[in-house]
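As structure tokens, the structure follows; a few thoughts come after it.
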Amino acid sequence: QVQLVESGGGLVQAGDSLRLSCAASGRNFSTYSVGWFRQTPGKEREFVAAVNWSGSSAYYRDSVKGRFTISRDNAKNTVSLQMNSLQPEDTGVYYCAADKSLTIVTATVNSDYWGQGTQVTVSS
């Protein structure tokens, strides 16, 4: 069992930065791939970024490449998402998710474990 808690969301202006954190509890978190997803009202939850269990590989949706960076610290059981040059279209509730399968994390919204989400609002 893995519990995930997101933090770091807020209201910012276009061009600003935010750093989201996902704190995990439970056994063997370092064996899970972790992803960040976002959702806005009326839209499906979409993949944003993911990192494999060791942190050696990272994956991003095209629209955030070069602006967002995902990283993890397995000693602290945390995964972070550094978001730079934020745009209004980045607005949404951001969720972290964990699964043993990197494919499930990067290609689906069916990860085994999810956090409660943190709101990110970017004003123009």
Side-chain angles (χ1 to χ4, degrees):
Q1 191 79 5
V2 174
Q3 293 81 42
L4 304 172
V5 178
E6 303 94 336
S7 62
L11 171 62
V12 297
Q13 294 186 331
D16 286 350
S17 298
L18 277 177
R19 186 176 181 88
L20 304 184
S21 292
C22 176
S25 59
R27 299 180 65 180
N28 300 320
F29 176 70
S30 61
T31 64
Y32 286 79
S33 294
V34 177
W36 284 95
F37 296 76
R38 65 190 180 193
Q39 189 169 22
T40 54
K43 294 187 177 181
E44 294 185 352
R45 192 168 297 188
E46 64 181 20
F47 169 79
V48 176
V51 63
N52 70 338
W53 67 272
S54 67
S56 62
S57 297
Y59 307 84
Y60 302 92
R61 70 180 297 110
D62 287 345
S63 62
V64 307
K65 286 180 181 177
R67 300 188 297 122
F68 291 13
T69 303
I70 189 171
S71 60
R72 69 187 297 162
D73 184 340
N74 285 337
K76 296 181 178 180
N77 277 8
T78 59
V79 175
S80 298
L81 184 68
Q82 177 66 42
M83 306 186 295
N84 299 328
S85 302
L86 283 161
Q87 300 301 314
E89 53 266 34
D90 295 317
T91 293
V93 178
Y94 282 68
Y95 300 88
C96 67
D99 199 280
K100 289 280 192 176
S101 167
L102 179 62
T103 299
I104 287 177
V105 172
T106 57
T108 77
V109 291
N110 297 322
S111 294
D112 281 342
Y113 303 105
W114 291 84
Q116 84 290 347
T118 185
Q119 176 71 46
V120 172
T121 304
V122 185
S123 64
S124 58

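Only a predicted model underlies this, so the values are computations on that prediction, with no experimental measurement involved. Residue numbers count from 1 along this sequence.
Cluster annotation: V79 is connected to Y113 through the hydrophobic network of ILVMFWY side chains, with a link wherever side-chain heavy atoms come within less than 4.5 Å. Two different hydrophobic clusters hold V122 and V93 under the rule that ILVMFWY side chains link at heavy-atom gaps under 4.5 Å. By the rule that hydrophobic residues join a cluster once side-chain heavy atoms approach within less than 4.5 Å of another member, Y95 and V34 end up as members of separate clusters. The hydrophobic cluster containing F47 does not contain L81, counting ILVMFWY residues as joined when their side-chain heavy atoms lie under 4.5 angstrom apart, directly or transitively.
At least one donor-acceptor pair closer than 3.5 Å links the side chain of D99 to the backbone N or O of D112. With D73 contributing its side chain and S80 its backbone, the two residues share no donor-acceptor pair below 3.5 Å. Formation of a donor-acceptor pair under 3.5 Å by the Q87 side chain with backbone atoms of S85 is found in this model. For the pair N52 (side chain) and G55 (backbone), a donor-acceptor distance under 3.5 Å is present. Side chain of E6 to backbone of T118: no donor-acceptor contact under 3.5 angstrom is found.
Here CZ of R38 is found 9.0 Å from CE of M83. Values are rounded to the nearest 0.5 Å. A distance of 11.0 Å separates OG1 of T40 from CZ of R45, quoted to the nearest 0.5 Å. Note that the CD atom of Q1 and the CG atom of N28 stand 12.5 Å from one another [nearest 0.5 Å]. Of the inter-residue distances, the one linking N77 atom CG with Y32 atom OH reads 11.5 Å to the nearest 0.5 angstrom. Atom CD of Q116 sits about 8.0 Å away from atom SG of C96, to the nearest 0.5 Å. Put simply, OH on Y94 and SG on C22 are 14.5 Å apart, with the number rounded to the nearest 0.5 Å.
Residues satisfying the ring-ring contact (aromatic ring centres under 6.0 Å, His included) test with W114, not counting sequence neighbours, are F37.
Atom NZ of K76 is surrounded by 12 or fewer heavy atoms from other residues, nucleotides or ligands within 6.0 Å.
Considering I70, V105, L102, V48 in turn, L102 is the only one that fulfils the side-chain contact (heavy atoms from CB on, under 4.5 Å) rule with Y59.
Inspection of the T121 and Q119 side chains reveals an N or O donor paired with an N or O acceptor under 3.5 Å.
Nearest approach of Q82 to S17, heavy atoms of both residues: NE2-CB, 3.9 Å. Considering every non-hydrogen atom in both S54 and N74, the closest pair reads CA-ND2, 4.3 Å. The minimum heavy-atom distance linking S111 with A98 is given by the pair CB-O, 3.6 Å.
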Residue pair F68, L20: steps toward the side-chain contact (heavy atoms from CB on, under 4.5 Å) verdict: CA-CA 11 Å; F68 291 13; L20 304 184; over 6 Å; no
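Remark: R67 is not positioned above the aromatic ring of Y60, lacking an NZ or CZ atom under 6.0 angstrom from the ring centre and at most 45 degrees off the axis.
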